[in-house]
*Asks:* 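Below are the structure tokens for one structure; questions will follow.
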Amino acid sequence: MKILVTGGLGFIGSHTVLELLANGHEVLIADNLSNSKIEVLDKIENISGQKPKFFQIDVTEKAPTQEIFAKEKIEGLIHFAGLKAVGESVEIPLKYYYNNLLSTINLAELCLQYGVGKFVFSSSATVYGEQPSPFREEMPLLPTTNPYGETKAMSERILTDAARVNRGFNVILLRYFNPIGAHPSGLIGEDPNGIPNNLMPYVARVASGKLPFLSIFGDDYETSDGTGVRDYIHVVDLAQGHVKAIESEKTGLNIYNLGTGQGTSVLELVNAFIAANKIDVPYKIVERRPGDIAISFADASKAKAELGWQTKLDLIDMVKSSWNFEKRQKSEVH
Ligand code: NAD
Ligand code: UFG
């Protein structure tokens, strides 16, 4: 298939591009580089031996996006492009609503106009809000605590409504749990600008000495060791889930959790990182972070049954590959 990947130079997008190429698909990438670097394109070429066509455009802008649809016979779209920093979304909500909603509306309209029948959307477990885990796809969506989460719930609604009235417009909403890890080559991974918000990149930077210690946000949750529990998923497994989704023959609207189905606490993750990589990660227990829930993990059985997808990589693979990537970042800096 000829597939347009928006946000294809970002963390999850770049790994997905590699998996699509490995499965024989033709890939086009649209990315405005607001949270990624053009060098990732060369790294994709280094690893795969193929260089996807790249368009440096903002997908909230109709004209340049339409040009791609008009010129290329796109058969499927995977829409990763979006802003994703939860804290920042509280500070600058309009930027988040503008970017994340307009991009989705624009791309959906263009798919309808040009007869692109497959739309895969990056949603998030955050849409489940605070309900008991495991989260199942048919659970109601609860209000999230931040504008970022709202943009995901609203985008889901927009695409659901569009799929309902347009036969042949087949939408798959993928609700990701907590993607971590990196490509086995160590060439691509998660490389956030500034101080990371998320646990794994923060741990990796503490291990490399770029940050002095990790703050663990609370040890008084009702979990086995009191720290928050999440469903960490290797980004390569997550990327393969997208290949299954875009290749799926399912019609209409379909929703899948992409997670392992296993919960891991913050302390378990940190201790796995320390043990597997034989490197210290100093940490302090601090106050809870506002907006965090105690436990989030998936019921991942629907994706297995309907897409034939399940995770293959474990927590050790995740922490080792994250560290492998971080070490290379360090050596590139020096
Ligand atoms: P990322 O920031 O690494 O990748 C997003 C990419 O989109 C970046 O390369 C950025 O430059 C690009 N982009 C942003 N706005 C754009 C626009 N208007 N036009 C063109 N390009 C634009 O993020 P990621 O972690 O790879 O996440 C990908 C998607 O998955 C996002 O939609 C995110 O909200 C969603 N998601 C991520 C997580 C996570 O924990 N990483 C969890 C759930 C959902
Ligand atoms: N945590 C710390 N210290 C840190 C960072 C995080 O203790 O420095 C803890 C958090 O309190 C939480 C766990 O580590 O218990 C995971 O936190 P992350 O920030 O890595 O991830 P979240 O589960 O909060 O959120 C992530 C993404 C969201 C996405 C959600 C579900 O940031 O965008 O996963 O997919 F919606």
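Start at 1 and go down the list; that is how both ligands and their atoms are numbered.
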*Asks:* Which residue and atom name correspond to the protein heavy atom nearest atom 23 (O) of ligand 2, and how close is it?
*Replies:* R230 NE, 2.6 Å
*Asks:* Give the atom numbers and elements of ligand 2 that come within less than 4.0 Å of a heavy atom of D292.
*Replies:* 10 (C), 11 (O), 24 (O)
*Asks:* Which of the atoms in ligand 2, numbered in the order shown and given with their element, are less than 4.0 Å from a heavy-atom of I216?
*Replies:* 7 (O)
*Asks:* Quick one: look up the protein heavy atom nearest atom 3 (O) of ligand 1 and list residue, atom name and how far away it is.
*Replies:* F11 N, 2.9 Å
*Asks:* Could you identify the single nearest non-hydrogen protein atom to atom 19 (N) of ligand 1 and state the distance to 0.1 Å?
*Replies:* V59 N, 3.0 Å
*Asks:* If you count the atoms of ligand 2 from 1 in the order shown, which ones are under 4.0 Å from a heavy atom of F177?
*Replies:*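 Those atoms are 31 (C), 35 (O).
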*Asks:* What's the shortest heavy-atom distance between V235 and G181, and which atoms?
*Replies:* CG1-O, 3.6 Å
*Asks:* Tell me, which protein residue and heavy-atom name are nearest atom 22 (C) of ligand 1, and how many Å apart are they?
*Replies:* N32 OD1, 3.1 Å
*Asks:* In the protein, which heavy atom is nearest to atom 4 (O) of ligand 1, and how far is it?
*Replies:*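 Checked against all protein heavy atoms, atom 4 (O) of ligand 1 sits closest to G10 CA, 3.5 Å.
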*Asks:* Which residue supplies the protein heavy atom nearest to atom 9 (C) of ligand 2, what is that atom called, and how far is it?
*Replies:*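 Checked against all protein heavy atoms, atom 9 (C) of ligand 2 sits closest to V266 CG2, 3.7 Å.
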*Asks:* For atom 24 (P) of ligand 1, what is the nearest protein heavy atom, given as residue, atom name and distance?
*Replies:*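 For atom 24 (P) of ligand 1, the nearest protein heavy atom comes out as K84 NZ, 3.7 Å.
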*Asks:* Test of understanding: given a 4.0 Å heavy-atom threshold, classify the contact between A125 and ligand 1 as side chain, backbone, both, or neither.
*Replies:* neither
*Asks:* Are the aromatic ring centres of Y176 and H242 under 6.0 angstrom apart?
*Replies:*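 Judged by ring-centre distance (under 6.0 Å), Y176 and H242 do meet the cut-off.
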*Asks:* Give the atoms of ligand 1, by number and element, whose distance to some non-hydrogen atom of L33 is under 4.0 Å.
*Replies:* 11 (O)
*Asks:* Show me which atoms of ligand 1 lie under 4.0 Å from any heavy atom of N99.
*Replies:*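 Those qualifying, in numeric order: 15 (N), 17 (C), 18 (N).
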*Asks:* Under 4.0 Å from a heavy atom of S123: give me the atoms of ligand 1 that qualify, with their elements.
*Replies:* 43 (C), 44 (C)
*Asks:* Using a 4.0 Å cutoff against the non-hydrogen atoms of S215, which atoms of ligand 2 qualify?
*Replies:* 2 (C), 3 (N), 4 (C), 7 (O), 8 (O)
*Asks:* Got a donor-acceptor contact below 3.5 angstrom from the D219 side chain to the T227 backbone?
*Replies:* no
*Asks:* What is the closest protein heavy atom to atom 2 (O) of ligand 1, and at what distance does it sit?
*Replies:* N35 ND2, 2.7 Å
*Asks:* Under 4.0 Å from any heavy atom of S36, which atoms of ligand 1 are there?
*Replies:*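 Checking each atom against S36, I get 8 (C), 9 (O), 11 (O).
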*Asks:* At less than 4.0 angstrom from any non-hydrogen atom of S122, what atoms of ligand 1 do you find?
*Replies:*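 Checking each atom against S122, I get 29 (C), 30 (O), 32 (O), 35 (C).
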*Asks:* Considering only protein heavy atoms, which is closest to atom 37 (C) of ligand 1, and at what distance to one decimal place?
*Replies:*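 Looking only at protein heavy atoms, the one closest to atom 37 (C) of ligand 1 is I12 CD1, 3.8 Å.
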*Asks:* Could you tell me whether the side chains of H25 and E247 share a donor-acceptor contact shorter than 3.5 Å?
*Replies:* yes
*Asks:* Near D31, which atoms of ligand 1 are under 4.0 Å from a heavy atom of that residue?
*Replies:*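 Per the distance check, 6 (C), 7 (O), 8 (C), 9 (O), 10 (C), 11 (O), 12 (C), 20 (C), 21 (N).
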*Asks:* Give the atom numbers and elements of ligand 2 that come within less than 4.0 Å of a heavy atom of T126.
*Replies:* 36 (F)
*Asks:* Show which atoms of ligand 2 fall inside a sub-4.0 Å distance from at least one heavy-atom site of G228.
*Replies:* 15 (O)
*Asks:* Going by the order shown, which atoms of ligand 1 are within less than 4.0 Å of some heavy atom of Y148?
*Replies:* 33 (C), 34 (O), 35 (C), 36 (N), 43 (C), 44 (C)
*Asks:* What part of S34, side chain, backbone, both or neither, has a heavy atom within less than 4.0 angstrom of ligand 1?
*Replies:* both
*Asks:* For atom 24 (O) of ligand 2, grab the closest protein heavy atom and report residue, atom and distance to one decimal in Å.
*Replies:*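 Going by distance alone, atom 24 (O) of ligand 2 is nearest to R289 NH2, 3.0 Å.
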*Asks:* Among protein heavy atoms, which lies nearest atom 28 (C) of ligand 1, and at what distance?
*Replies:*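 For atom 28 (C) of ligand 1, the nearest protein heavy atom is F80 O, 3.6 Å.
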*Asks:* Measure E190 to ligand 1 on non-hydrogen atoms and call it side chain, backbone, both or neither using the 4.0 Å cut-off.
*Replies:*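 Near ligand 1, E190 shows nothing, with every heavy atom at 4.0 Å or more.
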*Asks:* Atoms of ligand 2 less than 4.0 Å from N197 heavy atoms?
*Replies:*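 Ligand 2 atoms under the 4.0 Å threshold to N197: 5 (C), 19 (O).
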*Asks:* Mark up the atoms of ligand 1 that fall under 4.0 Å of a heavy atom belonging to P179, in ascending order.
*Replies:*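 Taking each heavy atom of P179 in turn, ligand 1 has 39 (C), 40 (O), 41 (N) under 4.0 Å.
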*Asks:* Between the side chains of E306 and K250, is the shortest nitrogen-to-carboxylate-oxygen separation below 4.0 Å, so that they form an ion pair?
*Replies:*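 A salt bridge is present here (some side-chain N lies under 4.0 Å from a carboxylate O).
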*Asks:* To check your reading of the model: name the closest protein heavy atom to atom 21 (O) of ligand 2, its residue, and the distance in Å.
*Replies:* N178 ND2, 3.1 Å
*Asks:* Against ligand 1, does N178 come closer than 4.0 Å with any heavy atom?
*Replies:*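 Contact check N178 vs ligand 1: negative.
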*Asks:* Touching ligand 1 at all, P192? Heavy atoms, strictly under 4.0 Å?
*Replies:*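 P192 does not count as a contact of ligand 1 under the 4.0 Å cut-off.
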*Asks:* Look at atom 18 (P) of ligand 2 and say which protein heavy atom is nearest, naming residue and atom and giving the distance to 0.1 Å.
*Replies:* N198 ND2, 3.5 Å
*Asks:* Between T6 and ligand 1, which part of the residue brings a heavy atom under 4.0 Å of the ligand: side chain, backbone, both or neither?
*Replies:* neither
*Asks:* Nearest protein heavy-atom contact for atom 36 (F) of ligand 2: which residue, which atom, what distance?
*Replies:* S124 OG, 2.5 Å
*Asks:* Does any non-hydrogen side-chain atom of L173 lie less than 4.5 Å from one of N254?
*Replies:*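 The answer is no, as the side chains (C-beta and beyond) never meet within the 4.5 Å cut-off.
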*Asks:* Any heavy atom of I57 closer to ligand 1 than 4.0 angstrom?
*Replies:* yes
*Asks:* Are the side chains of N35 and N193 in touch, meaning some heavy atoms are under 4.5 Å apart?
*Replies:* yes
